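Remember, it's a predicted structure, so these values are computed and weren't measured experimentally.
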2 protein chains.
Amino acid sequence: MDDALRAVADPTRRAIMELVRDDERSAGDIAARFPGMSRPAVSQHLRVLADAGLVAVRRDGNRRLYALRPAGLADAAGFIERMWSAQLGRLKEAVESE
Amino acid sequence: MDDALRAVADPTRRAIMELVRDDERSAGDIAARFPGMSRPAVSQHLRVLADAGLVAVRRDGNRRLYALRPAGLADAAGFIERMWSAQLGRLKEAVESE
DNA sequence: AGTCTGTGTAAGAAGTTGCTTACACAGCGT
DNA sequence: ACGCTGTGTAAGCAACTTCTTACACAGACT
């Protein structure tokens with residue numbers, strides 16, 4: 001989970017995740033969406049995402065296709081849900097004490 | 001959201017959030033749970049969490065009491081949900097194509 | 001075989017983070 | 001008023017991130 005949350009902390013990486021959310025995309029295609037950044041920079045972000053299990057990579061001839069792997073967010077989602085449930089619990093208390 | 005996700009990326013800060021999840025705790029109380037770390041270090045983490053809107057601070061005489069503010073995670077939760085929903089969509093497609 | 005296209009990796013510069021120690025300062029108790 | 005307790009802030013340092021440019025290398029096309 002640590003890796004996933006660290007990976008997601010970066011706005012560029014989140015943007016990449018949104019990009020590959022619905023369709024597989026090649027590295028070059030993704031890089032082209034970040035005109036202000038060099039291609040290697042994007043490649044490095046892709047590596048971080050892949051290492052964190054947030055995207056899946058597939059080779060297609062020359063290219064590498066990236067796709068979202070939402071399962072990688074499971075632990076992160078668990079953390080957030082755990083925090084949320086605290087509020088729900090307190091809300092319940094508040095309601096009951098009225 | 002940026003701030004919240006960045007704040008949550010740090011494991012110490014996540015541990016602090018778990019600590020104040022159910023009960024308000026004083027800064028000193030929290031710091032005491034991290035024996036390997038100096039008190040100012042914890043204080044700085046608390047500031048990051050407060051700035052990100054993830055904890056609420058309240059003064060009680062001498063002390064400052066921190067409590068979880070789960071609402072601060074709303075945007076982060078939204079992001080994760082958006083990513084998750086992608087998988088649900090694809091799962092649906094897969095099921096339908098069988 | 002040679003070259004072009006698509007991509008990753010290496011090395012290094014610049015900024016950011018997360019700590020430490022030393023200090024500042026408000027509120028409580030004597 | 002004075003000192004003690006609880007806490008935040010300042011300054012500085014080491015480690016880590018995130019870029020950049022230069023290079024490496026695999027696969028497709030002729």
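If you check distances only, the side chain of Q44(A) never reaches the base of dT17(D) with a donor-acceptor pair under 3.5 Å.
Proximity of S38(A) to the phosphate of dT20(D): a side-chain N or O atom is located under 4.0 Å from OP1 or OP2. Put simply, H45(B) has no side-chain N or O that comes within less than 4.0 Å of OP1 or OP2 on dT17(C).
Contact annotation: the side chain of V42(B) never approaches that of R33(B) to less than 4.5 Å [non-hydrogen atoms, C-beta and beyond]. Side-chain contact between R69(B) and L54(B): absent, with no pair of heavy atoms (C-beta onward) separated by less than 4.5 Å. In this structure, the side chains of R21(A) and M83(B) come closer than 4.5 Å at one or more pairs of heavy atoms. You'll find the side chain of F34(B) reaches within 4.5 Å of the side chain of I16(B), heavy atoms only. Within the 4.5 Å cutoff, side-chain heavy atoms of T12(B) are placed close to those of H45(B).
Y66(B) comes within 4.0 angstrom of sugar-phosphate atoms only, judged by non-hydrogen atoms across all strands, and of no base. Across all strands shown, R39(A) has heavy atoms under 4.0 Å from base atoms, whether or not it also approaches the sugar-phosphate. Looking at heavy-atom distances under 4.0 Å, A41(B) makes contact with a base.
Taking each heavy atom of R14(B) and V8(B) in turn, the nearest pair found is NH1-O, 2.7 Å. Taking all atoms of both residues into account, the shortest heavy-atom contact from A31(A) to R39(A) is CB-CG, 3.8 Å.
Near DNA chain C, meaning a heavy atom under 4.0 Å from it, residues 5-13 of chain B has R6(B), D10(B), R13(B) in order of number.
Linking ILVMFWY residues whenever their side-chain heavy atoms come closer than 4.5 Å, directly or via other members, places L19(A) and M17(A) in the same cluster. There is no path of hydrophobic side-chain contacts, each under 4.5 Å, that joins L68(A) to L65(A).
Atoms CE (M37(A)) and C1' (dG15(C)) sit 15 Å apart, rounded to a whole Å. Rounded to whole Å, the distance from CD1 on I16(A) to P on dT18(D) is 11 Å. D60(B) places its CG atom 14 Å from the C1' atom of dT5(D), with the value rounded to the nearest Å. Taking atom CZ of R63(B) as the reference point, atom C1' of dG8(D) lies 16 Å away to the nearest angstrom. Protein atom CZ of F34(B) is 14 Å distant from nucleotide atom C1' of dC19(C), rounded to whole Å. With rounding to whole Å, R59(B) atom CZ is found 19 Å from dT5(D) atom P. Rounding to whole angstrom units, CG of residue D29(A) and C1' of dG6(C) are separated by 12 Å. Taking atom CZ of residue R47(B) and atom C1' of nucleotide dT9(D), one finds them 9 Å apart after rounding to whole Å.
The listed nucleotides are dC19(D), dA26(D), dT9(D); the one nearest the side chain of S43(B) is dT9(D). Each of dT7(C), dG27(C), dT20(C) was ranked by its minimum atom distance to the side chain of N62(B); first place goes to dG27(C).
Here D51(A) pairs with R47(A) in a salt bridge; the nearest charged N to carboxylate O distance falls below 4.0 Å.
Toward the 5' end of DNA chain D, the nearer of the two residues G61(A) and R64(B), judged by each one's closest nucleotide, is R64(B).
Rotation axes derived from the C1' atoms of the five outermost pairs at either end of the helix from dA1(C)-dT30(D) to dT30(C)-dA1(D) lie 10° apart, to the nearest 10°.
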